Amino acid sequence: MAAAALCFRASALSVACFLLAVPLLMAQDPSNLSLEHYSKTCPNAEHVVRAEMECAVRDEPRNAALMLRLHFHDCFVQGCDGSVLLDDTATMIGEKQADQNVNSLKGFEVVDKIKAKLEAECPGTVSCADLLAIAARDAVVLVGGPYWDVPVGRLDSKEASLDLANKDIPTAEQGLVTLISKFWEKGLDATDMVALVGSHTIGFARCANFRDRIYGDFEMTSKYNPASATYLSKLKEICPLDGGDDNISAMDSHTSATFDNAYFETLIKGEGLLNSDQEMWSSIAGYSTADTVNKYWADPELFFKQFSDSMVKMGNITNPAGGEVRKTCRFVNT
């Protein structure tokens, strides 16, 4: 995922005053999501997604982080409605062109494969938004992370919003107060934010997103530790002052292929790759988030439980405009 952070304590805010969902193209109420939504119409849906995710992660372990990030970027724009998957058309520039997506959001071919299998199993039944939510869970499990039950029944948006993607998706450069407000607007509090950022334990970041950090206050936050200096030198080889914007580095320098709580240790050491993440520990405004970082590093079971709860909470952000079940995830139905 490349995501973000927040700081002061904020109670979870309800996402919006959703209208009750009735027919498919009407507004959708998140309370209509359930674990049994496909029990009769497509009972093997989760098995299909899991089988395809096993192949995808076996072929390329990085696909786990890519699918998790797709789900996150989907939910932060219009709710979890599959809008991030829409290709540009003659009349619409989609979210793939947003600043936080254009050169880094990947995994669309994996989605295409899963959707094709779902359509063969149960035509016109399983939404692309649900596909992403289930695949993100399976991605985490397949690399050692926790399991959680995924409520389903989301609808796919018929529109995407480049403007909202540029506005709502957190960035690596934004300050703590800005970032916490972005999560707060989605009904996610500081505890949710710290847990969700923990997914960076399997994430990668582009040089363009961490250059300012490594040529900025990295040495200061890591307290000029010789071991940190060695790591910083490697990062500067990957990411020179000029050029190499698309070069990537794992955000967890120790266990990047395993979903665990190790990323929180990098923050405590002052070695967070993204400025937005490191501020959870180092910012003078981040006293509450620093305490949460400490707790998650000390107690992996606590982190896993909160991550699971926060993923369900984020996944329950639905698009109040409702939608449809797309036959292909790249285009609306005709």
Side-chain angles (χ1 to χ4, degrees), residues 1-5 57-58 60-69 72 104 106 136 139-147 172 193-239 244 246-283 286 289-308 310-311:
M1 333 160 194
V57 174
R58 182 173 61 248
E60 172 52 76
R62 192 185 168 203
N63 279 327
L66 296 178
M67 294 303 291
L68 184 56
R69 189 164 185 257
F72 181 93
S104 59
K106 303 179 187 297
V140 170
V141 173
L142 287 167
V143 290
Y147 174 93
M193 185 273 314
V194 180
L196 292 171
V197 170
S199 65
H200 286 175
T201 187
I202 58 167
F204 289 75
R206 293 175 62 237
C207 165
N209 289 325
F210 64 83
R211 178 182 285 116
D212 287 348
R213 165 81 172 126
I214 64 174
Y215 291 98
D217 65 353
F218 189 100
E219 289 182 296
M220 182 183 69
T221 60
S222 60
K223 298 180 172 58
Y224 303 93
N225 184 304
S228 298
T230 301
Y231 174 44
L232 179 59
S233 295
K234 292 179 180 178
L235 290 174
K236 288 182 175 179
E237 290 177 8
I238 295 170
C239 184
D246 291 330
N247 296 343
I248 61 172
S249 176
M251 289 185 278
D252 179 346
S253 59
H254 301 294
T255 59
S256 61
T258 303
F259 193 101
D260 55 24
N261 65 334
Y263 190 60
F264 296 111
E265 183 184 19
T266 69
L267 302 184
I268 292 170
K269 288 182 175 179
E271 296 179 354
L273 190 61
L274 300 181
N275 175 71
S276 54
D277 293 358
Q278 187 59 49
E279 284 210 340
M280 292 190 301
W281 171 261
S282 300
S283 172
T289 53
D291 181 60
T292 305
V293 167
N294 264 329
K295 289 178 179 177
Y296 291 164
W297 169 234
D299 189 344
E301 290 186 6
L302 176 65
F303 165 52
F304 273 24
K305 182 181 185 308
Q306 185 58 57
F307 182 82
S308 300
S310 296
M311 285 296 292

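Note that the structure is a prediction, hence the values are computed from the model and not measured.
Here the CZ-CH2 distance, from Phe264 to Trp281, works out to 12.0 Å after rounding to the nearest 0.5 Å. Rounding to the nearest 0.5 Å gives a distance of 9.0 Å between OG1 of Thr292 and CE of Met280. Atoms SG and CG, from Cys207 and Asp212 in turn, are 9.5 Å apart once rounded to the nearest 0.5 Å. Rounding to the nearest 0.5 angstrom, the gap separating the CZ atom in Phe210 from the OH atom in Tyr215 is 9.0 Å. To the nearest 0.5 angstrom, Ile202 atom CD1 is 12.0 Å from Arg69 atom CZ. Of the inter-residue distances, the one linking Lys223 atom NZ with Ser228 atom OG reads 9.5 Å to the nearest 0.5 angstrom.
Partners of Lys305 under the salt bridge (charged side-chain N to carboxylate O under 4.0 Å, His left out) rule, at least two apart in sequence or in another chain, are Asp309. Listed by chain and residue number, nothing satisfies the side-chain hydrogen bond (donor to acceptor under 3.5 Å, both in side chains) test with Asn63 (two or more places apart in sequence, or in another chain). The side-chain hydrogen bond (donor to acceptor under 3.5 Å, both in side chains) check on Glu265 picks up nothing, with sequence neighbours excluded.
Cys239 pairs with exactly one of Ile214, Asn209, Ile248, Asn247 by the side-chain contact (heavy atoms from CB on, under 4.5 Å) rule, that one being Ile214.
Here the side chains of Ser249 and Leu235 are in contact, with some heavy-atom distance below 4.5 Å. Counting heavy atoms from C-beta on, the side chains of Pro146 and Val140 come closer than 4.5 Å. Side chains of Met311 and Leu68 form a contact here, defined as non-hydrogen atoms less than 4.5 Å apart.
A donor-acceptor contact shorter than 3.5 Å is absent between the side chain of Ser310 and the backbone of Phe307. One N or O on the side chain of Thr221 and one on the backbone of Phe218 form a donor-acceptor pair closer than 3.5 Å. Using a distance-only test at 3.5 Å, with no hydrogens or angles considered, a donor-acceptor pair links the side chain of Ser222 to the main chain of Glu219.
For the residue pair Phe303 and Asp260, the shortest heavy atom distance occurs at CE2-O, 3.5 Å. Residues Asn275 and Ala172 come closest through the heavy atom pair CB-O, 3.5 Å. Of all the heavy atoms in Gln306 and Ala195, the pair that sits closest is CG-CB, 3.7 Å. Between Gly270 and Arg213, the closest heavy-atom pair is O-NH2, 2.9 Å. Between Leu302 and Tyr296, the closest heavy-atom pair is CG-CE2, 4.0 Å. Of all the heavy atoms in Gly272 and Gln278, the pair that sits closest is N-OE1, 2.7 Å.
Ring pair His200/Tyr263 is perpendicular by interplanar angle, where above 60° counts as perpendicular and below 30° as parallel.
For Thr255 and Asp252, the side-chain atoms include at least one donor-acceptor pair closer than 3.5 Å.
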